[in-house]
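One structure is given below, encoded as structure tokens.
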Amino acid sequence: PRRIIHGLSSTLTLMTLHRSLHRSPALGQAARLLWLALVLLACNLGTSPAPPPTLAPRATATPPPPLGVDQTGAQPGSIVPQSVATPVVVSDARMLNLINQVDMNRLMVHVETLQNFHSRHVLSSVTDPNRGIGAARAYIESQFRAYQQASEGRLATYTQEFVLDWGGVKTTQQNIFAVVQGTEPGAGWVIVGAHYDSIVVPDFTNGVAFAPGANDNGTGVAAVLELARITSQTPHRSSIMFVLFSAEEVGRKGSIAFADYLVSRNIDVIAMINIDTIGNTQNTRGEINNTELRVFSAGPNDTSPDRQLARTAEFISFTEGTRLKLTVQDAIDRENRFGDHFSFTEKGYPAIRFINAFEEKINGDPKDTYEFIEPDYFQQATQALLVVITSLADGPRPPQNVALRPRGGSVQQLIWEPVPEAVGYLVALRQSDWLSYGQQIEVPGNSIEWDGFSSYAGIAIAARGKDGIIGPLSPELNPAGP
């Protein structure tokens, strides 16, 4: 089978990365039959040219090595992607250095500090220095200011005020945000957000009761702060904005106001990352899932820019080998639930939500406290987010003008404009019933010929830079046409 992979084209050298969607047993059986067919074809390679391979779903038995863990034979500070063909070592010291900076202790201190404000309810105190949403605002802003001072001018901190009428009480709320201006004109903005308010059930207008909100959403706030601290240390191609929203728990009023603010300034948002509840591994029955992080996005599956952003995040995470697996969900959020990403989707911005695989506490539970956070999982989730954000902001821009051209018979040439700084490309392939990409091919040049493209509902391409970082995927090309 390896010889078949290498025999895809006499003019191209490529490496096929087999990926698995952890699908049904029936799909697994189909994949094994396909692989057996390839083995039989390999026996005839000595007498006839090798046909293009039929790609199989990525293998589940040998997952990619975790990012940041050296493998046997690898140079220090390198990543070894999973490969069924030729093993490849991708030098990506910068990404490894970044994820190693995610500090578990900092994350947990942020969560504990936020919980100790007793409540971050929108009707809690704005003047008490030790309690209430006002104290939380001051803490968040002080952290951003400290990062700003250490950033050598790269980070700037701002607030946005908006009026909220909740429970018959009018208050002035604040969104707090920090900006790292990008170096490349036209590279767009990546928005990374989380809500910092909390609430208590069943009295949603009670601004005095204990509302710790450790996981929902102290973990999201802590992750945004840690991501801002690390990211502000270096320049970036795209601009990045870190936003902490108020009033999410009362109808996401803060993110609605902020999305309106971006529209009014004609900000080109290429991605909105909503981080909301990422520190638990158990559900209410005590079952544990400490290997996955869910990604929610609006459909429809084949045409939504939100879903394509979710697929891009999963693709980056898998290819870079993060320790947590990102799982794309076929919904904008859990049933009858919402999050701040809704506010950006409504304005036409691509937006997705990250949340832990299992939920242990209900929304507004006064028992949502610090001791139920799993530090290692929380750190891994923040590392995965850092990998995704870095690729979106710093990787080579997506290839443009992707097209399929007939080359005789069923063979088609996939071609795209070369990206100047790219050292290679990854072609991602998705069948119609798949939420994420099941296969991918690494190609050194800006074209590839094959007779299998028509089997897929979506094809997208990402460029790999000289530093090893993969950029965002292009919009999908549908081989069957509109």
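Note that the numbering runs from 1 along the sequence shown for the chain.
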If the condition is side-chain hydrogen bond (donor to acceptor under 3.5 Å, both in side chains), which residues does [X] pass it with, not counting sequence neighbours?
| X | answer |
| --- | --- |
| Asp376 | Gln380 |
| Gln400 | none |
| Ser151 | none |

Please name all residues satisfying side chain to side chain contact (heavy atoms under 4.5 Å, CB included) with [X], sequence neighbours left out, ordered by chain then number.
| X | result |
| --- | --- |
| Glu287 | Asn283, Arg285, Phe358 |
| Ala460 | Gln308, Tyr437, Leu473, Ser474, Glu476 |
| Pro300 | Thr303, Ser304 |
| Thr234 | Arg94, His236 |

Could you tabulate the donor-acceptor pairs under 3.5 Å formed by side-chain atoms of residues 217-227, not counting sequence neighbours?
unit_1 : atom_1 : unit_2 : atom_2 : d
Asn217 : OD1    : Gly220 : N      : 3.0
Asn217 : OD1    : Thr277 : N      : 2.9
Asn217 : ND2    : His195 : O      : 3.2
Asn217 : ND2    : Ile275 : O      : 3.0
Thr219 : OG1    : Asn215 : O      : 2.7
Thr219 : OG1    : Asn215 : OD1    : 3.2
Thr219 : OG1    : Ile278 : N      : 3.1
Glu226 : OE1    : Arg229 : NE     : 2.9
Glu226 : OE2    : Asp103 : N      : 2.8
Glu226 : OE2    : Arg229 : NH2    : 2.8

Contact summary for Tyr425 and Val419, nearest pair of heavy atoms
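Residues Tyr425 and Val419, closest heavy atoms: OH-N, 2.8 Å.
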
Tell me whether [X] contacts the main-chain N or O of [Y] through its side chain, where contact means a donor paired with an acceptor under 3.5 Å.
| X | Y | result |
| --- | --- | --- |
| Glu248 | Gly254 | no |
| Arg464 | Val423 | no |
| Glu320 | Ser391 | no |
| Ser239 | Gln181 | no |

Salt bridge (Lys or Arg N to Asp or Glu O under 4.0 Å) contacts touching residues 399-419 (sequence neighbours left out)
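For residues 399-419, and leaving out neighbouring residues, the salt bridge (Lys or Arg N to Asp or Glu O under 4.0 Å) pairs sorted by first residue read Arg407-Glu449.
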
Salt bridge (Lys or Arg N to Asp or Glu O under 4.0 Å) pairs, two or more places apart, involving residues 344-353:
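Found Arg252-Glu346, Asp260-Lys347, Asp276-Arg353, Asp333-Arg353.
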
Residue that, paired with Glu421, satisfies salt bridge (charged side-chain N to carboxylate O under 4.0 Å, His left out) out of Arg237, Arg397, Lys466
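Answer to the salt bridge (charged side-chain N to carboxylate O under 4.0 Å, His left out) test with Glu421 among Arg237, Arg397, Lys466: Arg237.
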
Scan for side-chain hydrogen bond (donor to acceptor under 3.5 Å, both in side chains) pairs involving residues 288-297, sequence neighbours excluded, and state none if there are none.
Asn289-Thr291, Asn289-Glu292, Arg294-Glu359, Ser297-Arg307

Between Phe344 and Asn274, is the side-chain contact (heavy atoms from CB on, under 4.5 Å) condition met? List the steps.
CA-CA 10 Å; Phe344 294 83; Asn274 179 30; over 6 Å; no

Between Leu426 and Phe315, is a side-chain contact (heavy atoms from CB on, under 4.5 Å) present by the stated rule, with each step listed?
CA-CA 10 Å; Leu426 286 90; Phe315 174 84; 3.8 Å; yes

Suppose we screen for ring pair (Phe, Tyr, Trp, His ring centres under 6.0 Å). Which residues come up paired with Tyr158, at least two apart in sequence or across chains?
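Phe177.
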
Residue of the set Thr327, Val328, Val295 for which side-chain contact (heavy atoms from CB on, under 4.5 Å) holds with Leu435:
Val328

What distance do Ile240 atom CD1 and Trp189 atom CH2 have between them, rounded to the nearest 0.5 Å?
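Spacing of CD1 (Ile240) from CH2 (Trp189) equals 10.0 Å.
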
Any chance you could measure Tyr456, atom OH, to Trp434, atom CH2, to the nearest 0.5 Å?
6.0 Å

Passes side-chain contact (heavy atoms from CB on, under 4.5 Å), Asp306 versus His341? Steps please.
CA-CA 10 Å; Asp306 301 53; His341 55 303; over 6 Å; no

